[in-house]
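Below: one structure, written as structure tokens.
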Amino acid sequence: MPEVRRTIHFCYGHRIQGHGGGCRYLHGHNAKIEVVCRGPLDDLGMVVDFHEIRRIVEGWIDQNWDHRMILQDGDPMIPILKDQGEPVFVIDEVPTAENLAAYLFHIAREGGLPVTSVRFWETPSSIAVYDDA
């Protein structure tokens with residue numbers, strides 16, 4: 001089955017409350033994600049137009065996650081950051097790379113893409129993968 005992949009880069013910040021190391025503090029990452037779509041070819045010979053992946057996933061990231069703090073609902077830093085005019089995106093889950101990969105997978109799927117996996121590099125050497133397997 002043919003597949004296509006699109007890579008997207010963005011910057012974000014987060015923290016992992018309750019973590020025993022440095023990740024418990026507010027910090028940032030230069031993320032790289034790869035959206036993998038698989039399926040039959042359409043009449044134009046494409047699984048999906050790369051522009052559609054860009055429009056749906058990269059557009060969503062640009063509006064919601066790029067250069068923002070991604071924090072778990074209930075984090076006491078949320079009102080402090082918002083009071084200072086800082087952009088914050090709140091999610092129900094702990095904002096780990098694993099959970100962020102899953103979040104983007106569902107954004108892609110809800111956008112109608114034939115996504116089979118999302119790979120999320122938190123750093124150049126640390127990757128989390130969410131797939132439909």
Side-chain angles (χ1 to χ4, degrees):
M1 182 80 53
E3 71 178 30
V4 295
R5 298 169 183 230
R6 177 149 180 114
T7 302
I8 301 165
H9 297 265
F10 68 100
C11 300
Y12 75 101
H14 71 155
R15 76 174 183 162
I16 310 299
Q17 292 184 86
H19 189 277
C23 291
R24 70 179 177 262
Y25 303 114
L26 295 174
H27 63 283
H29 294 284
N30 293 315
K32 173 179 137 181
I33 67 157
E34 180 182 66
V35 178
V36 180
C37 294
R38 179 176 294 152
L41 300 178
D42 65 13
D43 292 341
L44 297 175
M46 293 187 259
V47 172
V48 63
D49 191 320
F50 287 112
H51 176 76
E52 285 301 294
I53 301 172
R54 179 175 166 232
R55 182 182 66 78
I56 292 166
V57 180
E58 192 168 354
W60 188 91
I61 289 170
D62 287 347
Q63 289 186 351
N64 295 284
W65 282 2
D66 189 39
H67 286 87
R68 286 171 174 75
M69 293 300 296
I70 304 170
L71 298 174
Q72 185 177 11
D73 191 25
D75 188 314
M77 289 303 296
I78 294 169
I80 295 167
L81 291 169
K82 285 185 174 183
D83 284 347
Q84 294 299 310
E86 294 293 328
V88 177
F89 189 90
V90 179
I91 64 173
D92 292 332
E93 300 81 18
V94 178
T96 60
E98 295 88 341
N99 285 332
L100 298 180
Y103 203 102
L104 289 176
F105 180 93
H106 295 296
I107 292 296
R109 182 67 55 91
E110 289 168 9
L113 295 174
V115 61
T116 56
S117 70
V118 170
R119 296 176 177 158
F120 191 107
W121 282 264
E122 187 173 77
T123 69
S125 59
S126 300
I127 181 176
V129 178
Y130 186 89
D131 60 38
D132 62 0

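Predicted, not measured: the structure shown is a model, and the values here were computed from it.
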Taking the basic N atoms (NZ, or NE/NH1/NH2) and the acidic carboxylate oxygens, is any pair closer than 4.0 Å for [X] and [Y]?
{"X": "E58", "Y": "R6", "result": "yes"}
{"X": "R55", "Y": "D49", "result": "no"}
{"X": "R5", "Y": "E3", "result": "yes"}

Review point. What's the verdict on side chain to side chain contact (heavy atoms under 4.5 Å, CB included) for V35 and V57, showing C-alpha distance, side-chain angles and the deciding distance?
Key: CA-CA 8 Å; V35 178; V57 180; 4.0 Å; yes

Straight-line distance of [X] [atom1] to [Y] [atom2], nearest 0.5 Å:
{"X": "H67", "Y": "Y12", "atom1": "NE2", "atom2": "OH", "value": "13.0 Å"}
{"X": "L104", "Y": "Y130", "atom1": "CG", "atom2": "OH", "value": "12.0 Å"}
{"X": "M46", "Y": "C37", "atom1": "CE", "atom2": "SG", "value": "13.0 Å"}
{"X": "I56", "Y": "L113", "atom1": "CD1", "atom2": "CG", "value": "4.0 Å"}
{"X": "W121", "Y": "S126", "atom1": "CH2", "atom2": "OG", "value": "11.5 Å"}
{"X": "E110", "Y": "F105", "atom1": "CD", "atom2": "CZ", "value": "10.5 Å"}

Review point. Is L100 reachable from M69 through a run of I, L, V, M, F, W or Y residues, each pair having side-chain heavy atoms under 4.5 Å apart?
Key: no

**Study point:** hydrophobic_cluster_shared for I61 and V4, side chain cutoff 4.5 Å
**Key:** yes

Review point. Does the separation of the ring centres of F89 and W60 fall below 6.0 angstrom?
Key: yes

**Study point:** Backbone of I70 reached by a side-chain donor or acceptor of H14 within 3.5 Å
**Key:** no

Check your understanding: Is there a donor-acceptor pair closer than 3.5 Å between any side-chain N or O of H29 and the backbone N or O of A31?
Key -> no

Review point. Side-chain contact, heavy-atom cut-off 4.5 Å: W65 with Y103?
Key: yes

Exercise for review: Check the pair D75, Q17 against side chain to side chain contact (heavy atoms under 4.5 Å, CB included), reporting the backbone distance first and the verdict last.
Suggested key: CA-CA 8 Å; D75 188 314; Q17 292 184 86; 3.4 Å; yes

